[in-house]
Amino acid sequence: MKKIFFTFLLGLAAVTYADACTNFIVGKNASVDGSTIVSYAADSYTLYGFLRMQPAADHQPGDMRQITDWDSGTPLMQIPEVAHTYSVVGNMNEFQVTIGETTWGGVDKVWTLGEGIDYGSLIYVALQRSKTAREALMCITELVEKYGYASEGESFTIADPNEVWIMDLTGRGAKGAVWVAVRVPDDCISAHANQARITTFPQKGAKLQKDGFRMQSKDGQWMWHKDIIKVARQFGLVDSSVADADFSFQAAYCPFDFSGLYACEARVWSFFRRFDESMDRYFAYATGQTFAMTNGRDAGEHMPLFVKPNRKVSVRDVQDAMRDQYQGTPIDITDGVDAGPWHSKLRFGGLGFELDSVQYWYPRPVATQQTGWSFVAQMRGYDSAKAGGIFWFGVDDAATSVYVPMYCRITEVPECFREGNGDMLSYSSTSAWWAFNLVANWAYTKYSAMLPEIQVRQQKWEDEFAANVESMDLKVASLSDADARQMLTRYSCDQAEKVTADWHDLFTYLMIRYLDGQEKKVENGQFVRTATGETEYPDRPACPVEYLNTIKNSVKHE
């Protein structure tokens, strides 16, 4: 398959998104079982994978909550607590409200960094205080209106069992923020990946809400800050010839650059094309070719914000999408000379490299080596409240990880996912993050050989988990609430520990089998020995022929 390489003059690309995240979204009528589904990959070279747990709590008048910047750990401010906060497992609370995000930065002149509440704290405060997605949306916007916003431009996914919202939010150059939010149609899928995607919105017939700063569309499916256009004009982010009715949030606050397409919109495109064959027409747009060809102006046809899928989407579909590496496309990260002889996804130097004053770009797939953790959240509104939603959680690179079911009503997290069990600079033999990194980093050295073996083990576990969902629902339905929580907690913790132990065993197996570039022979899952018990002479496979053709001129020959 033809491999595409992109070059781009350094002065034109403003953002590289070295630490970048991905959200996929499925409306309840677009899913196989009537659940809403949301995914999130938290990608950063400094982000350690663990599962955050915040128990429900009662608070006294005068109690304060410390707000600490999620990325840097810097204390920002204190805000008053509410009387009662709900339990939260990862990014899903006990009422199945789930929030994800992707950072897009945007226009720096509107940022007020460090002055207010950061994006991470907004997520976890809202989860502790909200029973529905709309309540969470209200909570976030009220917090930034009252206390200010301390981060760069963000897209938030806010979901519950009945609906999913996308909100694009950024600073306003002073205390507060401007934002726009839309409810994803129930029969559609959507996505965002470090690029603001909301453009125009239906202003005709909109009304100002009683709080004095929120506008709501006539049909109630859109909301935005009343000053969203005013601030853009104040900072010169929109041409004076553009009428208010034609105002685009994305064009003003997060205008496309090359990386916003090739490193970001391409991930959305790859998700959409799984469920809509017509999406291939957006390939040139999503990979920045039209942008580059017009010398820094986006001339392509924008992808839609929502897509009606050609079939019902399952949790397993979304899990597979989170493992996307652009397989079968011209930008397959495992294809080409830069992937080496064993088709490795690993690249050095971030998203690309500079050579002779030209910037070269690698593809940026959904599944990436720097992922700290990711999830696929299943908000099951049809199901018994005693079981609740399932927070399918995995650590490290999704391509080599396993999504383990963490029920949203559990009362503790397993030791292997526990905060404080190791960190980026401290190895822990009981940490899932380290177990999965051992396997993944060894696999990158001979990826095309080891990945299929990892996938067999991966699918075995996820098949088993999927088969257990219905039986777990039946088991807890007849129990008291306390006993149901206890059973869900025990099951979730046990499965996580079993998978972690299995991944240590998998690393041992892969290390032995592929040691020193060999491939030891295996039959029926066992290493083959000679009749006298010695090691059967291993295979010593040469590099694939297509790679040998690229290096033959540098190797001595007869």
Side-chain angles (χ1 to χ4, degrees), residues 31-40 49-56 86-98 127 161 314-316 318-319 322 373-396 398 401-419 421 430-433 435-436 457-506:
S31 72
V32 167
D33 64 353
S35 298
T36 57
I37 306 171
V38 168
S39 71
Y40 173 45
F50 65 87
L51 184 60
R52 181 187 296 264
M53 177 79 189
Q54 297 172 300
Y86 309 125
S87 66
V88 181
V89 177
N91 288 51
M92 181 189 285
N93 73 15
E94 61 186 291
F95 298 101
Q96 306 186 52
V97 177
T98 300
L127 287 171
S314 69
V315 167
R316 297 299 290 277
V318 180
Q319 291 172 347
M322 292 299 288
W373 47 266
S374 64
F375 67 74
V376 176
Q378 182 183 11
M379 285 67 71
R380 307 187 304 155
Y382 63 88
D383 198 52
S384 165
K386 289 183 180 177
I390 306 177
F391 192 73
W392 300 89
F393 183 72
V395 291
D396 193 41
S401 189
V402 173
Y403 285 111
V404 184
M406 296 284 109
Y407 283 83
C408 73
R409 304 184 71 244
I410 62 177
T411 57
E412 62 179 276
V413 299
E415 174 66 21
C416 63
F417 288 156
R418 191 163 295 164
E419 185 175 6
N421 183 10
T430 59
S431 161
W433 189 85
F436 279 91
R457 195 84 64 105
Q458 184 184 67
Q459 292 306 306
K460 178 187 79 70
W461 279 109
E462 291 178 356
D463 286 345
E464 181 179 322
F465 296 150
N468 288 344
V469 169
E470 184 176 353
S471 63
M472 284 299 298
D473 291 345
L474 292 174
K475 287 177 182 178
V476 301
S478 60
L479 300 178
S480 68
D481 186 73
D483 287 346
R485 283 178 176 261
Q486 183 180 9
M487 176 173 281
L488 294 167
T489 301
R490 185 169 62 250
Y491 173 78
S492 296
C493 291
D494 285 350
Q495 302 319 303
E497 298 293 356
K498 289 177 182 178
V499 169
T500 300
D502 190 46
W503 240 244
H504 278 294
D505 291 343
L506 177 59

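Throughout, residue positions are numbered sequentially from 1 according to the sequence presented.
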Donor-acceptor contact present, side-chain E94 to main-chain C408, <3.5 Å: no

Can you check whether E462 reaches Q459 side chain to side chain, under 4.5 Å on heavy atoms? yes

Where P55 and M53 come nearest, the two heavy atoms and their spacing: CD-O, 3.8 Å

Q495 side chain to V404 backbone, donor-acceptor under 3.5 Å: no

State whether the side chain of Q378 and the backbone N or O of I390 hold a donor-acceptor pair below 3.5 Å, judged by distance alone. no

Mind telling me whether Y40 and F375 have parallel, tilted or perpendicular rings, with 30° and 60° as the class edges? perpendicular

Are the side chain of N421 and the backbone of E415 linked by a donor-acceptor contact shorter than 3.5 Å? yes

For a 4.5 angstrom cut-off between non-hydrogen side-chain atoms, does S35 reach M379? no

Note: V89 and L51 closest approach over all heavy atoms is CG1-CD2, 4.0 Å

W433 and D396 side chains, donor-acceptor separation under 3.5 Å: no

One thing to verify: whether E412 and R490 come together as a salt bridge, which I'm taking to mean a side-chain N less than 4.0 angstrom from a carboxylate O. no

Output yes when D481 and R485 qualify as a salt bridge under the 4.0 Å nitrogen-oxygen rule, no when they do not. yes

To the nearest 0.5 Å, tell me how far C416 SG sits from F50 CZ. 13.5 Å

Using the test side-chain hydrogen bond (donor to acceptor under 3.5 Å, both in side chains), find all partners of S431 that sit at least two apart in sequence or belong to another chain. Y48

D33 and R380: salt bridge (Lys or Arg N to Asp or Glu O under 4.0 Å), yes or no, with the steps? CA-CA 8 Å; D33 64 353; R380 307 187 304 155; over 6 Å; no

Check: N93 and F391 side chains under 4.5 Å, non-hydrogen atoms: no

Testing the basics here: between M406 and P414, what is the closest heavy-atom pair and its distance to 0.1 Å? SD-CD, 3.9 Å

Side-chain contact, heavy-atom cut-off 4.5 Å: V315 with W392? yes

Can you name the nearest heavy-atom pair linking M92 to L127, along with the distance? N-CD1, 4.4 Å

Closest approach of V395 to F436 (non-hydrogen atoms, all atoms of both residues): CG2-CD1, 3.7 Å

Full working for side-chain contact (heavy atoms from CB on, under 4.5 Å) between D463 and R316: CA-CA 9 Å; D463 286 345; R316 297 299 290 277; 3.0 Å; yes

Quick one: does S401's side chain have a donor or acceptor within less than 3.5 Å of a partner on G394's backbone? no

When the ring planes of Y407 and Y491 are compared, do they come out parallel, tilted or perpendicular, using 30° and 60° as the limits? perpendicular

Working to the nearest 0.5 Å, report the span between CG of N91 and OG of S39. 11.5 Å

Do the side chains of T411 and Q486 get nearer than 4.5 Å, heavy atoms only? no

Identify the two heavy atoms, one from S374 and one from M322, that lie closest to each other, and give their separation to 0.1 Å. CB-CE, 4.2 Å

Side chain of S471, backbone of N468: donor and acceptor closer than 3.5 Å? yes

Classify the ring geometry between F393 and F417 as parallel (under 30°), tilted (30 to 60°) or perpendicular (over 60°). perpendicular

Starting at CZ of R457, measure out to CG of L506 and round the result to the nearest 0.5 Å. 4.5 Å

Measuring from atom CD of Q319 to atom CD of Q458, what distance do you get when rounded to the nearest 0.5 angstrom? 9.0 Å

